[in-house]
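None of these values were measured; they are calculated from a predicted model. Throughout, numbering of the chain's residues begins at 1 and tracks the sequence.
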Amino acid sequence: MTFTKKLTLPATVLTAMMASPAVADPDVPPWSERAIQENVDIDALAASGQDPLEILLPLGEDLFSAKFTTLDGAGRPDATGAIVPTKVRRRSHLTFQRLAGPDANACASCHNEPVTGGAGSFTANVFVSEGFESADFDTIDPQFSNERNTNALQGAGLIELLAREMTAELRAQRKSVLANARKSRQAQEIGLVSKGVTFGKLTAFPDGTLDVSGLEGIDDDLTLRPFSQKGVFSSLRQFTVNAMNAHHGIQPSERFGSTWTGTDDHDLDGFADEMSPGQISALVAFQATLPAPTRKENLPDAWQEAADNGEKVFADIGCVSCHIPALPLDSLVFHDPGPIDTAGTLRQSDMTAPLALDLATLSWVQALPRDENGRVLVPLYGDLKRHKIADAANDTFGNELLAQRFVARDVFITAELWGIGSTAPYGHRGDLTTLNEVILAHGGEATESRKSYEALSEDDRQAVIAFLRSLEIAE
């Protein structure tokens, strides 16, 4: 099915995407090997009054599964996979490189288990060469590359909305303590808490300076970054722009175009402005509306009984101190670009008005529980906070040698457990095959919970596994 058949828009909103200035005819033949064929003018869409989801979702779904070709500008002969546009020092003779990338034809090449948008097997691992983006060699030596397994994207829209609200609340607390310090002319301290999650303390001084040494699990700017295993990407838009360049060699114009690089063909592959802001928005909309994971239904009686008991044991041994069963969400309107998107990613100030994707219209969202205040309870089993998860006695999760974006090698964001029954293998490298193994790998701040798990009877340990395996991504 082509985009044209799926999308019926005025010419002012839907336009043919030209992959190269050399192509003059906007009519793409049906046998074309180009994967990127249609574009959405998001300014016109925002002004049209139409529901953006109806327009963006079909295009986003196709782009997520599309196998990009060189006719789309796939490949980056003169650019690296670095987040900041960076030229290579020496061109590689390989178009695809398993380690330095590009390393995938499609987003769904890695995000495909058990459904499109899901996780990936060990064979889909990627390599984060933090600090060595410009190196002209490939190696899996852990001195140069951190190997990572694919995360599932189900429920990602709700995760980003939670992070936005929590960021706003924490920043409001910072503003308040600064005002109190100025007014009292004395140092003031505040404990930072949002949605029941604590992020340490902040001390403000009358001169407007801050002592951030007491912060826990969050960056000094009080921005929650809920994406990636280290928690270093603040939005699906930022994540998508990075991934298009790193994994596919497709350079989105909002970061790699003339505004930031002075050219519309930064990678010198002969294709200008390879992905538009409208196409990025379509990909964001698709990911933001992927249904949240659920619970297995119609379990055998023995499994259901064990899972019910395991959920109680899971709480009793302290696992819910980080894997919080649910966090409350006030608003279901997903603005794109979001309020935290910054330089190198399309920002709200770049548009007349951001797109407003109303997730409340989605049937799977309507099925989620609500609290007494009417807030949606997002059943993520996480806290969107970073934790030290390894130590000298148990360094399974601390086996990386490189920090990523200034996050220590033994610190990771709490993995959301919803859907974990569908996303084996486990661990940041995907080299742990069972849930029992991954629980026993916990160290650092999770040491006491792990020891409590180890001390359980065999029946209770099996009950915890039964509970975790009941958390699934629906197929």
Side-chain angles (χ1 to χ4, degrees), residues 158-227 230-235 314-331 338-340 371-391 405-408 410-417 442-450 452:
L158 298 181
I159 293 292
E160 182 167 343
L161 287 178
L162 282 171
R164 291 180 186 182
E165 289 185 358
M166 294 169 76
T167 294
E169 186 172 1
L170 294 173
R171 290 180 174 179
Q173 293 171 21
R174 178 181 62 189
K175 182 178 180 180
S176 174
V177 74
L178 278 167
N180 289 339
R182 291 190 183 102
K183 183 177 180 180
S184 67
R185 298 184 181 182
Q186 293 181 342
Q188 299 288 329
E189 183 178 286
I190 189 173
L192 297 173
V193 182
S194 179
K195 300 187 186 294
V197 182
T198 61
F199 292 92
K201 63 183 180 181
L202 191 66
T203 303
F205 299 97
D207 63 357
T209 59
L210 292 164
D211 178 359
V212 297
S213 62
L215 294 181
E216 298 174 359
I218 192 171
D219 291 324
D220 294 351
D221 64 355
L222 301 186
T223 300
L224 265 72
R225 295 178 166 85
F227 300 116
K230 301 289 278 191
V232 296
F233 299 130
S234 61
S235 69
F314 185 80
D316 290 343
I317 63 177
C319 298
V320 295
S321 62
C322 296
H323 297 287
I324 299 174
L327 295 179
L329 180 62
D330 293 296
S331 174
I340 306 175
D371 66 10
E372 64 277 6
N373 297 316
R375 298 178 298 179
V376 167
L377 294 174
V378 182
L380 72 169
Y381 284 93
D383 61 4
L384 308 188
K385 178 180 175 180
R386 299 191 195 115
H387 297 272
K388 182 178 180 180
I389 200 68
D391 52 40
R405 300 286 293 276
F406 309 107
V407 179
D410 54 1
V411 172
F412 288 84
I413 195 170
T414 301
E416 292 89 31
L417 297 184
H442 282 61
E445 297 175 40
T447 297
E448 293 306 313
S449 294
R450 186 204 74 231
S452 295

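In this structure, the separation between CG on L329 and CG on L162 is 5.0 Å, given to the nearest 0.5 Å. Atoms CD1 and OG1, from I389 and T447 in turn, are 8.0 Å apart once rounded to the nearest 0.5 Å. Going from atom CZ of F227 over to atom OG of S235 covers 7.5 Å, rounded to the nearest 0.5 Å.
When side chains are defined from C-beta on, L224 counts as touching I218, because their heavy atoms get closer than 4.5 Å. Side-chain atoms of K388 and F412, non-hydrogen and from C-beta on, never get closer than 4.5 Å to each other. Within the 4.5 Å cutoff, side-chain heavy atoms of L380 are placed close to those of I159. Contact check for L215 versus L222: side-chain heavy atoms found under the 4.5 Å cut-off. Counting heavy atoms from C-beta on, the side chains of N180 and K183 never come closer than 4.5 Å. L161 places none of its side-chain heavy atoms less than 4.5 Å from the side chain of S331.
By the side chain to side chain donor-acceptor pair (under 3.5 Å) test, R386 is found to be paired with D219, residues two or more places apart in sequence or in another chain being considered. Take E216 and apply the salt bridge (charged side-chain N to carboxylate O under 4.0 Å, His left out) test, not counting sequence neighbours, and it matches K385. Under the side chain to side chain donor-acceptor pair (under 3.5 Å) criterion, R375 pairs with D371, not counting sequence neighbours. Contacts of H387 classified as side chain to side chain donor-acceptor pair (under 3.5 Å), with partners at least two apart in sequence or in another chain: D383, T414, E445. Among residues two or more places apart in sequence or in another chain, the side chain to side chain donor-acceptor pair (under 3.5 Å) test is passed with R182 by none.
D410 approaches K230 most closely through the heavy-atom pair N-NZ, 4.4 Å. Closest of all the heavy-atom pairs between P226 and A163 is CG-CB, 3.7 Å. Here the closest heavy-atom approach between residue A187 and residue P206 is recorded as N-CD, 4.1 Å. In terms of heavy-atom proximity, L327 sits nearest to I324 at CD2-CG2, 3.9 Å. Scanning all heavy atoms of the two residues, the minimum distance from R164 to I340 falls at CA-CD1, 4.1 Å. Contact detail for L384 and E416: the closest heavy-atom pair is CD2-OE2, 3.5 Å.
Between the side chains of T223 and R171, at least one donor-acceptor pair of N or O atoms lies under 3.5 Å. Counted by atom type alone, E448 and S452 present zero donor-acceptor pairs between their side chains at under 3.5 Å.
Ring-plane geometry between Y381 and F314 is classed as perpendicular, the angle between the planes exceeding 60 degrees on a 0 to 90 degree scale with a lower cut at 30.
For the pair S449 (side chain) and A446 (backbone), a donor-acceptor distance under 3.5 Å is absent. In this structure a side-chain-to-backbone donor-acceptor pair under 3.5 Å is missing from H323 to L417.
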Under 3.5 Å, which donor-acceptor pairs link side chains of residues 194-203 to any protein atom two or more places apart or in another chain?
from	atom 1	to	atom 2	distance (Å)
S194	OG	E169	OE1	2.8
K195	NZ	E165	OE1	2.8
K195	NZ	P328	O	2.8

